[in-house]
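This structure is a prediction, so every number in the text was calculated from the model and none was measured.
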Amino acid sequence: INLTTKVTLASPKVCQITPSQGGDCSDSTNGVGVTIPPSALGTGTTAATVTVKQTNTRQQTAGTKPVGNGFEFIATDSSGNSISTFNSSVTLEFTQTAAALSATGITTKTKADAVKITLWAETIKDYEVLATTVDYLDSNNALVSAPSEDLSNVTNIRFKALTTHF
């Protein structure tokens, strides 16, 4: 017997970014984005395409427990060739509500501080853990300078990490 649940995923966010100028590709509905500095994708002046695609295909390993939906980041040059490594680091950013994180068991600042952005590495069949910074935000998305341990003065939590590849 196979039990299935229908899951509706958001449409991919597709952005055109000129490599020599860099830019942002953000999906505010899903709280995910990537910031690409000038020349990280190359030095061309013809737009590259960056796609942020929600996925529910995530691997749980002995050392990781994915939270929420996963996202696939895809970059291609103007000829459609994949760009998987970058000339400089790009910033990945994920913002979740404190309530959504609480539903997954992340109910304290200590637990939120321990969350890490990871990238699946097919070569090792495991996640690469990225150094992750955590910002605590109020209902206006302004930084909370002194978040309480129980997160009662926090509305959203933003996780950011740098990577040189997708």
Side-chain angles (χ1 to χ4, degrees), residues 2-15 17 19 22-37 39-42 48-77 81-137 141 147 149 151 154-166:
N2 290 325
L3 300 177
T4 59
T5 300
K6 183 178 178 180
V7 176
T8 303
L9 298 175
S11 298
K13 175 72 173 181
V14 179
C15 304
I17 296 177
D24 294 318
C25 187
S26 297
D27 178 352
S28 58
T29 301
N30 290 301
V32 62
V34 58
T35 301
I36 300 170
S39 302
L41 297 177
T49 302
V50 174
T51 304
V52 179
K53 180 180 171 185
Q54 189 178 31
T55 178
N56 58 359
T57 304
R58 300 174 329 245
Q59 307 288 332
Q60 185 165 337
T61 66
T64 61
K65 179 186 173 193
V67 175
N69 283 323
F71 290 89
E72 181 178 359
F73 296 88
I74 304 163
T76 56
D77 66 18
N81 300 309
S82 177
I83 304 169
S84 56
T85 57
F86 311 118
N87 296 327
S88 58
S89 294
V90 303
T91 303
L92 301 177
E93 185 175 300
F94 299 88
T95 303
Q96 298 265 320
T97 66
L101 289 170
S102 179
T104 67
I106 300 169
T107 56
T108 65
K109 181 179 180 305
T110 300
K111 288 181 180 179
D113 285 341
V115 170
K116 302 295 180 207
I117 295 175
T118 60
L119 293 177
W120 180 255
E122 191 61 34
T123 54
I124 61 172
K125 303 282 189 224
D126 205 349
Y127 288 97
E128 173 187 352
V129 178
L130 303 179
T132 303
T133 60
V134 183
D135 292 330
Y136 296 91
L137 309 170
N141 279 333
E149 179 61 20
L151 302 175
V154 173
T155 303
N156 296 306
I157 303 173
R158 180 174 53 216
F159 304 94
K160 294 190 292 188
L162 297 174
T163 184
T164 56
H165 63 90
F166 287 156

Inset, instruction - Can you see which heavy atom on Y127 is nearest to which on T118, and at what distance? - result: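 Looking at all heavy atoms of both residues, the shortest contact is CD2-OG1, 3.2 Å.
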Inset, instruction - Might you point out which heavy atoms bring C25 and V50 nearest each other, and give the distance in Å? - result: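 Nearest heavy atoms, C25 then V50: SG-O, 3.8 Å.
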Using a 4.5 Å cut-off on heavy atoms from C-beta on, say whether the side chain of [Y] contacts that of [X].
{"X": "L130", "Y": "L162", "answer": "no"}
{"X": "N141", "Y": "N156", "answer": "yes"}
{"X": "F166", "Y": "T85", "answer": "no"}
{"X": "I106", "Y": "V115", "answer": "yes"}
{"X": "L119", "Y": "L92", "answer": "yes"}
{"X": "L151", "Y": "K109", "answer": "yes"}
{"X": "C15", "Y": "T49", "answer": "no"}

As an exercise, state the distance from [atom1] of [X] to [atom2] of [Y], rounded to the nearest 0.5 Å.
{"X": "I17", "Y": "I36", "atom1": "CD1", "atom2": "CD1", "answer": "4.0 Å"}
{"X": "T107", "Y": "L101", "atom1": "OG1", "atom2": "CG", "answer": "10.0 Å"}
{"X": "L41", "Y": "F86", "atom1": "CG", "atom2": "CZ", "answer": "6.0 Å"}
{"X": "S26", "Y": "E93", "atom1": "OG", "atom2": "CD", "answer": "6.5 Å"}
{"X": "K160", "Y": "T132", "atom1": "NZ", "atom2": "OG1", "answer": "11.5 Å"}
{"X": "K111", "Y": "I157", "atom1": "NZ", "atom2": "CD1", "answer": "12.5 Å"}

Inset, instruction - Check whether the side chains of E149 and T110 place a donor and an acceptor atom closer than 3.5 Å, and report yes or no. - result: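 Present: a donor and an acceptor within the cut-off.
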Legend entry - Distance-only side-chain donor-acceptor flag, T35 / D24, under 3.5 Å: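 A donor-acceptor contact under 3.5 Å links the two side chains.
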Legend entry - H165 backbone acceptor or donor facing T163 side chain under 3.5 Å: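 Yes, because the side chain of T163 sits within donor-acceptor range (under 3.5 Å) of the backbone of H165.
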Legend entry - Under 3.5 Å: donor-acceptor pair, side chain of D27, backbone of T29: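 Confirmed, D27 side chain pairs with T29 backbone.
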Inset, instruction - Kindly assign one of parallel, tilted or perpendicular to the pair F71 and F94, based on the angle between their ring planes and the thresholds 30° and 60°. - result: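 The arrangement is tilted - the two ring planes meet at 30° to 60°.
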Legend entry - Whether over 12 other heavy atoms sit under 6.0 Å from K53 NZ: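 For K53, atom NZ is not crowded (no more than 12 foreign heavy atoms under 6.0 Å).
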